[in-house]
Structures are given as C-alpha cells and as structure tokens.
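Have a look at the structure below, then the notes.
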Number of protein chains: 2
Amino acid sequence: MTLKDLAQLLGLSPTTVSRALNGFPEVAEATRRRVEAAAAAQGYRPNSQARRLATGRAMAIGHVIPLSTQHEMVNPVFADFIAGASAVYARAGYDMVLIAVADADQTRAYRALRAQGNVDGVIVHGPRAGDPRIALLTDLGLPFVVHGRASGVDLPYAHVDVNSARAFERATRFLLDLGHRRIALVNGLEEMDFALRRRRGYERALVERAIVPDPRLLISGEMTEAQGYDAARRLLARADPPSAFLTSSLLSAMGVRRALWDLGLEMGRDVSILTHDDELGYFRNGAEEPIFTATRASVRIAGRRCAELLLAQIATPGAPPVAELIEAVLVVGASTGPAPGAPP
Amino acid sequence: MTLKDLAQLLGLSPTTVSRALNGFPEVAEATRRRVEAAAAAQGYRPNSQARRLATGRAMAIGHVIPLSTQHEMVNPVFADFIAGASAVYARAGYDMVLIAVADADQTRAYRALRAQGNVDGVIVHGPRAGDPRIALLTDLGLPFVVHGRASGVDLPYAHVDVNSARAFERATRFLLDLGHRRIALVNGLEEMDFALRRRRGYERALVERAIVPDPRLLISGEMTEAQGYDAARRLLARADPPSAFLTSSLLSAMGVRRALWDLGLEMGRDVSILTHDDELGYFRNGAEEPIFTATRASVRIAGRRCAELLLAQIATPGAPPVAELIEAVLVVGASTGPAPGAPP
DNA sequence: TTGAAAGCGCTAACAA
DNA sequence: TTGTTAGCGCTTTCAA
C-alpha cells in the first residue's frame with residue numbers, strides 16, 4: 001500500500017493525502033478524517049526510505065563507538081546511556097544507528113558518514129583528552145554531541161557529561177570525614193577523559209584538607225578486577241598502606257575486595273572501599289550506612305540529554321553548542337536501586 | 001557530489017558511472033579505472049537513502065529489544081552481543097539499528113517495521129517461553145534470527161543460543177564432584193527462556209546422581225545483588241543449608257558473597273559459589289583453582305553468528321531456518337580473561 | 001560498451 | 001482547500 005494507492009482509493013491526489021497524514025493545516029477537517037480512517041483501515045505506512053530521500057533528512061542518529069574503546073562499550077554504562085537516549089529518539093521518530101569506527105581511518109569514516117547521509121547527527125562516545133574527532137566533526141559540519149568531554153580541546157562543542165570531578169571530590173571528602181588520611185585511587189586509564197577528571201576531583205579534596213597527594217596511591221589502568229586485586233595487594237603490603245580505596249569501577253572494587261579477603265582483612269573495619277557504581281550499595285565504609293555514587297542513573301540521564309540536545313541542534317542549526325553537566329549523586333543510607341531524583 | 005555531477009565531470013552518463021562503481025561486468029576496464037579514480041579524487045559517496053529507495057533494500061538490520069526486558073538490555077551481555085554482531089554488519093555494509101519496542105503493541109510495532117521498510121531483517125532479543133513474536137514475524141515474512149530460544153514454540157525459526165542447559169549441567173556436576181550435595185540455584189526469572197534452560201541443566205545433573213532436586217533450594221527472580229543476598233541469608237539460616245550456590249549472574253553471586261561475609265562464613269571453605277560469568281574467575285569453590293563459565297565470550301560469538309545467519313537468510317530467502325548452539329566453556333584454572341578458543 | 005528514460009515512494013513549490 | 005508538476009539520487013530496463 002503506497003501513498004498513490006491510498007490516494008487513488010480515496011479519489012484524492014497523493015499530495016492531499018500526504019498533507020492530511022502529516023498534519024498540514026490547510027487540509028479540510030473532513031478530508032483529514034477520511035484519509036486517516038482509510039490509512040488506518042489499509043494499514044498504510046509511509047515508506048521511510050522514500051520519505052528520507054524526499055526530505056533529505058535521514059531521521060537517524062548515529063552512535064559512534066571507537067573500536068579501541070570496545071572494552072568501554074562492553075560496559076553496562078553504555079547500555080544505560082542507550083536506554084536513556086532511545087526513549088527520546090522513539091518519541092521523535094528517529095532511528096538509532098550504532099556505528100563502530102576503527103581508530104585507523106576515523107577521518108575517512110566520518111567523512112563517509114557525512115557524504116552518505118544516513119545519519120543526521122552523531123553522538124560521540126568515549127572521548128579522549130584532545131580527541132581529534134571533535135575538530136573533525138566540527139569541520140565536516142555534521143551535528144554532534146559528545147558524551148563526556150575532551151580536555152585540551154579549545155573549540156566550543158556540545159556535550160553532556162557526568163560531573164566526575166565533583167563525584168570523586170565528594171567521595172574523597174566523605175572518606176576524609178571518616179578519618180581516612182591515606183586513600184588510594186584505583187582509576188581508569190587516564191587517556192580516557194573521565195579518568196583524568198576523576199583524579200582531579202580526588203586531588204582537589206585532598207589538597208583542600210592540606211593533604212599532599214601521594215603518587216604511590218594512584219593507580220591508573222584498565223578497570224578490571226585484576227587491576228583492583230593487584231593494586232590492593234601491592235599497596236597493602238607497604239609499610240604505609242592506605243586505609244581506604246576509592247575505585248572507578250565495580251570490577252576494580254571487587255578486585256580490592258578479594259585482596260582484602262585473601263589478606264584476612266575486614267572491609268569497613270580494617271580498610272574501607274568506596275566506588276563509583278550504583279550496584280555497590282552494600283559496601284560499608286566505616287560509616288554506619290552503605291554508600292555509593294549513582295553513576296548508572298546519571299548515565300541514563302546523560303543519554304536522554306545527549307539525545308535531546310542533538311535533536312534540538314538538528315532542528316536549529318544556527319544555535320551555539322550547549323553543554324550540560326549531570327551531577328552524580330552520592331547516596332548514603334540507600335540500598336541498591338535508582339538514586340533519589342532519578343527518573344523511574 | 002552526486003552521481004550526476006561525477007558523470008558530467010567525466011563526460012559519461014550516470015548509468016555508466018553507476019555501473020563502473022558497482023562492479024558491473026559490461027564496463028570497459030579503462031572506463032572503470034577512470035571512474036574509480038575520479039570518484040576517489042572527488043570523495044564521492046553514493047547517497048544511501050537514494051540507493052535504498054532505488055534498490056528497495058534498507059541495508060539495515062534492526063535489533064528489537066522488548067522494553068520489558070530493558071533490565072536485561074542494561075546488561076553487559078547485550079553489549080557483548082552487539083560487539084560481535086556489529087563487526088559482521090560493518091563488513092557487509094549494513095547499518096545496525098536499535099529498536100526498543102513496548103510490550104503493549106508489539107503486533108503494531110512489527111507490522112510497522114515491515115511496512116516502513118527501514119530494516120531488511122531483525123534480531124529478536126530476550127525471548128520468553130512461547131514468545132509470540134516468532135509467530136508474528138514468521139507471519140509477516142520479515143527475516144529474523146532469535147538470540148536464544150523460546151520453549152513451547154513449535155514453528156521452525158532461525159536462532160543462535162548459548163547452551164545454557166549444558167553450561168549449568170556441567171557447573172552443577174562440577175560442584176557435585178567437589179562433594180556438594182545441597183546446591184542452591186539462584187536463577188533469573190523463569191519467564192526468560194534461558195533461565196528455564198539453566199534450571200533444567202541443573203536438575204539434570206542432580207538427577208543423574210540420584211539427588212532429588214529440593215524446590216526450596218531453587219530461587220528465581222530478577223538477577224540483582226539483593227536477590228543473591230536475600231536468598232543466601234534465607235537459605236543459610238535453615239537447619240539444612242546448602243553448601244554451595246550456583247548463580248545465574250554476577251550480581252546475584254556478589255549478593256551471596258556479601259551474605260557469607262555478614263554471616264562470618266568463608267567462601268570456598270564453608271560455602272562454595274559458582275557463577276555463570278566471565279568476570280568471576282576468582283571465586284574459589286573448594287577446588288584448588290578458580291572456575292567460571294565463559295558467558296561473555298560465548299555471547300560475543302552468538303552475536304557474530306546471529307548476524308551472519310540473518311544476512312545469509314536475507315540473501316537466500318527460500319532457505320530453511322538455521323539453528324546453532326554455542327557451548328559456554330567451563331573454565332578451570334584460568335584467571336579472568338577470554339575463554340580458551342574465544343576470538344581475541 | 002554506453003546512454004536515454006523511467007521509475008523507487010515520497011515531499012514541496014507553485015497553480016488553481 | 002486541493003491538484004499539478006518536479007524533483008530527491010540512485011538503479012535498472014531497454015535501446016543503440
């Protein structure tokens with residue numbers, strides 16, 4: 001059933017039918033109703049390819065995932081982001097296209113994306129410090145929003161980021177308030193922008209209390225369980241071991257936990273662990289209540305906002321890029337579940 | 001730069017240029033070279049919308065995720081699957097479209113998908129027992145491959161599944177070999193087909209050793225940490241507690257672990273835990289070596305195979321549906337990392 | 001081996 | 001308020 005068929009059936013021109021179905025104001029109310037009824041009865045659906053070609057809009061948003069960050073992508077965080085964004089697209093009638101791009105030929109890949117015109121804009125995932133993609137996309141004139149930020153990029157660009165610095169500053173402060181003075185940071189690879197920011201937040205909190213950050217307490221690497229385990233084993237074997245670990249991921253925290261177990265140490269009594277993940281609400285930290293920061297809930301919000309900003313940017317091409325910072329909630333006294341204020 | 005532009009530039013007709021670029025045999029070798037050179041020089045990229053409209057193929061695969069399973073989607077497993085599938089699509093020039101479908105109007109949604117024609121086929125995620133989507137898609141004639149299986153569906157349909165039953169049978173047997181007789185199964189919701197199969201595997205292993213499965217040792221629910229914790233607390237408070245827990249997910253296992261901690265029990269001495277997740281290689285189970293089943297690596301393979309099967313099906317519409325079963329490896333003596341035999 | 005012409009199914013000026 | 005007419009950029013008969 002094509003538009004032409006439907007028009008013929010109704011004794012109208014395809015134009016009128018198109019207008020009726022697309023809510024143009026100049027169509028008589030009676031006609032519109034007739035058309036809508038017929039369309040529903042016939043189960044008519046406009047062919048999206050044809051519409052895309054005619055309008056010149058792809059009605060699709062690309063999510064570009066650098067293949068080098070595949071480890072990152074194979075991450076619950078990514079799924080949360082997607083969940084947030086997809087709801088927005090669905091409402092606006094956009095498709096969501098996942099695009100894996102090899103690091104090697106990014107320039108070519110993005111140029112192709114632009115020229116082929118199968119997306120109206122892209123969301124950039126996993127930005128690095130000084131990420132070249134931002135300049136590239138700006139240059140290409142392809143609308144984009146970055147999930148995260150890229151330190152050292154001077155161009156203005158639209159982005160939505162979780163406030164990693166503040167989250168880690170607050171988390172560190174929380175541990176300081178419990179009396180900890182030697183706090184280890186088990187961080188991600190510092191090429192990743194968020195990891196850099198997390199470290200800055202951590203250091204800010206220490207400096208604020210006149211504690212000189214000890215570089216030996218700083219671990220940076222792939223956020224795996226092995227990383228946490230090795231870090232904890234190594235640091236706890238020192239003469240001046242940390243009394244608390246602040247970790248960047250669930251897996252690292254689990255590794256630290258296993259190290260404690262192996263060493264016969266009790267979590268929350270001998271050593272505290274605090275991590276940046278929703279799922280670790282039960283980690284006791286010397287405080288009476290469990291505590292965690294609500295990354296995942298925040299990331300879902302970030303997904304939603306990224307999508308909204310990108311669609312707005314596509315609708316209004318001239319507007320200056322918008323930036324937003326989502327606060328990651330530090331939750332005390334809650335068990336697992338969405339953070340207060342998070343959407344259901 | 002359109003095809004027409006390029007043709008004009010070369011003093012050829014659009015037809016010839018199109019043929020040259022698409023590898024038609026009747027083009028003179030010299031012409032083809034000239035055209036290809038010019039295309040490369042001009043950075044020409046065929047507009048995908050136009051091509052799609054002209055050929056009638058969407059060159060896109062939809063991944064349909066039931067919204068009710070969003071919890072499932074917010075799952076590393078999904079990301080692994082995607083990683084496997086996207087490589088296949090990229091090579092074949094297909095786009096990967098994520099489609100979230102509300103449970104309410106599935107019929108309408110799939111019909112629309114078919115009529116709109118913006119995908120050439122779909123991958124069905126998160127099948128339930130007796131899942132109605134299979135009949136619906138078969139009826140619509142939209143090519144599809146199911147990731148997983150749906151018990152109680154009699155139609156033949158293409159699918160790729162990880163052999164959950166066997167994985168859990170082997171895991172259970174492993175615990176039995178260690179001398180365990182009371183083994184709790186902390187399973188997912190049994191509406192999910194994979195959860196059903198996991199239970200069957202578990203029961204099969206018990207029955208094989210003439211142990212009557214104790215329904216009180218069977219937990220089924222959302223695979224959260226709270227689930228594992230509650231289950232373990234409850235079961236370990238009984239007069240006849242289990243000596244081992246077999247869990248369906250990382251989070252559940254963590255919950256069980258926390259319960260042990262709270263009760264002052266030692267894992268691997270007082271109680272063993274075995275789980276179906278790559279990331280838990282360090283769980284000691286009374287055996288000398290850590291052990292785990294490699295779900296994630298298997299799922300990545302499943303993603304690749306699903307994509308390959310779907311593309312094949314689209315290429316050869318008449319062919320009967322193909323089914324494949326991926327064995328989840330039970331790994332003993334390895335630390336975290338890909339399973340032996342898994343692609344790098 | 002190449003080209004002319006007719007679509008694919010829709011939208012959007014421009015007329016009426 | 002409706003219809004006529006041209007495309008959108010490509011592929012694909014059919015003819016040369």
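In what follows, every chain begins at residue 1, and chains take the letters A, B, ... in the order their sequences are listed. Please read all numbers here as calculations on a predicted model, not as lab measurements.
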Starting the side chain at C-beta, find the nucleotide from [options] nearest to [X].
X	options	result
B:Ala28	C:dT11, C:dT1, C:dA12	C:dT1
A:Tyr44	C:dT2, C:dC10, D:dG3	C:dC10
B:Ser18	D:dC10, D:dT11, C:dG3	D:dT11

Could you list the donor-acceptor pairs under 3.5 angstrom formed between side-chain atoms of residues 23-39 of chain B and any protein atom two or more places apart in sequence or on another chain?
{"from": "B:Arg32", "atom 1": "NE", "to": "B:Ala20", "atom 2": "O", "distance (Å)": "3.3"}
{"from": "B:Arg32", "atom 1": "NH2", "to": "B:Phe24", "atom 2": "O", "distance (Å)": "2.4"}
{"from": "B:Arg34", "atom 1": "NH2", "to": "B:Leu10", "atom 2": "O", "distance (Å)": "2.6"}

Q | Salt-bridge criterion met for A:Asp95 and A:Arg52 (N-O under 4.0 Å) | A | yes
Q) Using rotation axes that map the C1' atoms of four end pairs onto the next four (five pairs an end), what angle separates the end axes of the helix from C:dT1-D:dA16 to C:dA16-D:dT1, to 10°? A) 40°
Q: May I ask you to say what A:Thr2 touches in the nucleic acid, namely base, sugar-phosphate or nothing, with a heavy-atom cut-off under 4.0 Å?
A: sugar-phosphate
Q. Base, sugar-phosphate alone, or nothing: which one does A:Arg19 contact when heavy atoms must sit under 4.0 Å apart?
A. base
Q. Just to confirm, is there a sub-4.0 Å distance from OP1 or OP2 of C:dT2 to any side-chain nitrogen or oxygen of B:Thr16?
A. no
**Q.** Presence of A:Asn47 side-chain N/O under 4.0 Å of C:dC8 phosphate oxygens OP1/OP2
**A.** no
(Q) Measuring from atom CE of A:Met96 to atom CD1 of A:Ile61, what distance do you get when rounded to the nearest 0.5 angstrom? (A) 10.5 Å
Q | Atom-to-atom span, CG of B:Asn118 to C1' of C:dC10 - whole angstrom | A | 15 Å
